[in-house]
Protein chains: 2
Amino acid sequence: MGKDNKVSLTVIRRLPKYHRYLSDLMDRGISRISSQELSVLTGFTASQIRQDLNNFGGFGQQGYGYNVEDLQRELGKILGLDQKYNAVIVGAGNLGQAIANYRGFEDAGFRVLSMFDRNPRVIGLKIRDIEIRDMEHIEDFIKENDVEIGIITTPKESAQQVADIYVKAGVKGIWNFAPTDINVPDDMIIENVRLNESLFILSYFLKAATEK
Amino acid sequence: MGKDNKVSLTVIRRLPKYHRYLSDLMDRGISRISSQELSVLTGFTASQIRQDLNNFGGFGQQGYGYNVEDLQRELGKILGLDQKYNAVIVGAGNLGQAIANYRGFEDAGFRVLSMFDRNPRVIGLKIRDIEIRDMEHIEDFIKENDVEIGIITTPKESAQQVADIYVKAGVKGIWNFAPTDINVPDDMIIENVRLNESLFILSYFLKAATEK
DNA sequence: AAGGGCCTGTGAATAAATTGACATATACTT
DNA sequence: AAGTATATGTCAATTTATTCACAGGCCCTT
């Protein structure tokens, strides 16, 4: 299914932005868009947009452009947003709670079933309807509830240990917020969120602007 | 100061990772490292590491490698981590609180002076020693306290409005967590954190792995 | 139903990023 | 103190990404 040859990561990282703008256009009731118009919105060149989309199939029509709804749906499928994923969070601090609370993830098909922590003070608490459980029970929980995504929002010192547990329990992907690289088997899918690095980039440009 | 020609964004985005690994090495008491060894740690090729570092000056020594402490300090300077920046947060929800609580930012020279929100229920509360104030006072506060960085952790609907306030009040850079693009003058520095997009990428690879 | 204008898909050209290769300088051993 | 091993800085080669350009198909008007 889909096109055969592997698509470069560079292209894949642009897909969510296309999807987001298409969703916006749908909300605004716009049903048709050209690569040229998308270019103005996204800041990518029209040519690049056409090239990118063509990696996955010919969604457009000559003389017309792209149907917003169709393209949004197709990109959603490509991004796996038509699937439901169960997730758990380890690390029930502020960041973990922020993620547990964020409704945007549900729209994308992600459901946080439970949070886990070592701190007895938070165990038993609920964020919305999500219970914080003792780490002791995490492996069984993951196996019994078909959890496919493990989220790490612990300090960096615990991150590898948590990753090992996730690997052992059989999750398929890890969303890591700890500012460290974790080592896992090759078939495990990892996506890191590097808040520190993002802030450092901001700092770099601030300094560069000051020196000019 | 530094090398004259503009360094590509691609290179700059790798600098924080170098800095992080060098800090780790310092913690472990290691004083010397070669590009080859850094390659093993970071996953970048040794050649790429040498090319990257050389954009900013010849930090290494033939036959020896790089002095960990010197290189870490130099990268810190390049990234602007030797400077202090005052920041404020708009949006005192979980994410805003998570950021206000995160000590890692202070190590990087960032100080959150205040948070702002519209919700009367949270105004007056304190996160650590950071007070949540009414949005009414934000412009004066920014001007009176030399605030250079504005952080946006509101829902996307308010993000542009907050950005406009930041522009008017004269911050130099914006760290935006809202899942939308904001429009600001060209000289404003913006760094976006796209949690949604990151999750979509994870979803993409999960789906791809399932279909194999 | 015919024709002009529009816009895609795509192959070729250009630009950017990564990797390779090596001359040269320093460290370290004997 | 001489010789060997090591590792940088850099230029060249290769690979990857982006942009250009246009043939051809579809829409839309008349």
Side-chain angles (χ1 to χ4, degrees), chain A residues 2-18 21-22 25 30-75 78 197 201 204, chain B residues 2-18 21-22 25 30-75 78 197 201 204:
Chain A
K3 280 287 169 68
D4 24 273
N5 278 345
K6 211 170 95 210
V7 179
S8 81
L9 183 57
T10 319
V11 172
I12 292 162
R13 292 217 169 264
R14 281 192 292 263
L15 299 183
K17 190 163 179 179
Y18 296 135
Y21 273 101
L22 288 163
L25 288 167
I30 295 167
S31 64
R32 163 186 172 173
I33 189 126
S34 67
S35 60
Q36 186 50 243
E37 292 166 311
L38 257 180
S39 168
V40 174
L41 289 175
T42 60
F44 303 133
T45 64
S47 178
Q48 182 166 62
I49 291 168
R50 293 200 300 276
Q51 291 261 24
D52 284 355
L53 297 179
N54 247 76
N55 281 290
F56 301 97
F59 301 127
Q61 215 163 5
Q62 289 173 329
Y64 176 86
Y66 300 87
N67 178 288
V68 171
E69 199 172 338
D70 289 351
L71 185 56
Q72 195 265 4
R73 191 180 50 249
E74 288 303 320
L75 282 175
I78 291 163
E197 295 186 7
I201 302 296
Y204 173 90
Chain B
K3 280 288 170 63
D4 23 271
N5 278 345
K6 210 171 96 210
V7 180
S8 79
L9 182 59
T10 319
V11 171
I12 292 162
R13 292 218 168 263
R14 280 193 292 264
L15 299 182
K17 189 164 181 177
Y18 296 136
Y21 272 102
L22 288 163
L25 288 166
I30 295 168
S31 64
R32 163 186 172 173
I33 188 119
S34 67
S35 58
Q36 186 50 240
E37 293 166 310
L38 259 180
S39 166
V40 174
L41 289 175
T42 59
F44 304 133
T45 65
S47 180
Q48 182 166 63
I49 291 168
R50 294 200 299 277
Q51 290 260 31
D52 283 355
L53 296 178
N54 248 76
N55 281 290
F56 301 96
F59 301 126
Q61 215 165 4
Q62 290 174 330
Y64 177 88
Y66 300 87
N67 179 287
V68 172
E69 200 172 338
D70 291 350
L71 185 55
Q72 195 264 3
R73 190 180 50 250
E74 287 303 320
L75 282 175
I78 291 163
E197 296 186 5
I201 302 296
Y204 173 89

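Scope of the values below: all heavy atoms of this structure, side chains included, with no hydrogens, waters or symmetry mates. For clarity, every value in this text was computed on a predicted model and none was experimentally measured. Here is how names work: the chains are called A, B, and so on, in the same order as the sequence lines, proteins then strands, and each is numbered from 1.
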Report task. Using a 4.5 Å cut-off on heavy atoms from C-beta on, say whether the side chain of Thr10(B) contacts that of Arg14(B). Result -> yes

Report summary line: When rounded to whole Å, the CZ to P distance for the pair Phe44(B) and dT18(C) reads 9 Å

**Report entry** Any side-chain heavy-atom pair of Leu22(B) and Ile33(B) under 4.5 Å
**Finding:** yes

Query raised in the report: So do the side chains of Phe44(B) and Asp52(B) get within less than 4.5 Å of each other, counting heavy atoms only?
Result: no

Query - dA7(D) OP1/OP2 closer than 4.0 Å to side-chain N/O of Ser35(B) - result: no

Query raised in the report: Given atom CG of Leu53(A) and atom P of dG9(C), what is their separation to the nearest angstrom?
Result: 8 Å

**Report entry** Evaluation steps, side-chain contact (heavy atoms from CB on, under 4.5 Å), between Asp70(A) and Phe59(A)
**Finding:** CA-CA 8 Å; Asp70(A) 289 351; Phe59(A) 301 127; over 6 Å; no

Report task. Using whole Å, report how far CD of Gln48(A) lies from P of dA15(C). Result -> 16 Å

**Report entry** For atom CD of Gln36(A) and atom P of dC20(D), their distance in whole Å
**Finding:** 12 Å

Query raised in the report: dA16(C) P sits how many Å from Asn55(B) CG, rounded?
Result: 14 Å

Query raised in the report: Would you say Ser8(A) reaches dA17(D)'s phosphate, i.e. side-chain N/O to OP1/OP2 under 4.0 Å?
Result: yes

Requested in this report: Return the value, rounded to whole Å, for the distance between atom CZ of Phe56(B) and atom C1' of dT8(D).
Outcome: 18 Å

Query raised in the report: Is any side-chain N or O of Arg32(A) closer than 4.0 Å to OP1 or OP2 of dC26(D)?
Result: no

Query raised in the report: Phosphate oxygens OP1/OP2 of dT19(D): is one of them under 4.0 Å from a side-chain N or O of Thr45(A)?
Result: yes

Report task. Could you tell me whether the side chain of Arg32(A) and the main chain of Tyr64(A) form a donor-acceptor pair under 3.5 Å? Result -> yes

Query raised in the report: When you check the phosphate oxygens OP1 and OP2 of dG9(D), does a side-chain N or O of Tyr66(B) lie under 4.0 Å from one of them?
Result: yes

Report task. For Asp52(A) and dT16(D), give me the distance from atom CG to atom C1', rounded to whole Å. Result -> 14 Å

Would you tabulate the pairs of protein nitrogen or oxygen atoms and nucleotide nitrogen or oxygen atoms of nucleotides 22-24 of chain D closer than 3.5 angstrom?
unit_1, atom_1, unit_2, atom_2, d
dG24(D), N2, Gln62(A), NE2, 3.1

Query raised in the report: Are Phe56(B) and Val7(B) close enough that some pair of their side-chain heavy atoms sits under 4.5 Å apart?
Result: yes

Query - Distance (rounded to the nearest 0.5 Å) between Arg73(B) CZ and Leu75(B) CG - result: 11.0 Å

Query raised in the report: Is Ser47(B) touching bases, backbone alone, or none of the nucleic acid, heavy atoms closer than 4.0 Å?
Result: base

Requested in this report: Would you mind telling me which residue lines up with the more 5' stretch of DNA chain D, Gln61(A) or Thr10(A), judged by nearest nucleotide?
Outcome: Thr10(A)

Query raised in the report: At under 4.0 Å between heavy atoms, what does Ser34(B) touch on the DNA or RNA strands: base, sugar-phosphate, or nothing?
Result: sugar-phosphate

Query raised in the report: Is Tyr66(A) close to Leu53(A) at the side-chain level, that is, under 4.5 Å between some pair of heavy atoms?
Result: yes

Query raised in the report: Can you check whether Asn54(A) has a side-chain N or O nearer than 4.0 Å to OP1 or OP2 of dT10(C)?
Result: yes

Query raised in the report: How close or far is atom C1' of dA17(D) from atom NZ of Lys6(A), stated in whole angstroms?
Result: 15 Å

Query raised in the report: What is the nucleic acid contact for Phe59(B), judged by heavy atoms within less than 4.0 Å: base, sugar-phosphate only, or nothing?
Result: sugar-phosphate

**Report entry** Listed nucleotide nearest any side-chain atom of Gln51(B), set dT18(D), dT19(C), dA27(C)
**Finding:** dT19(C)

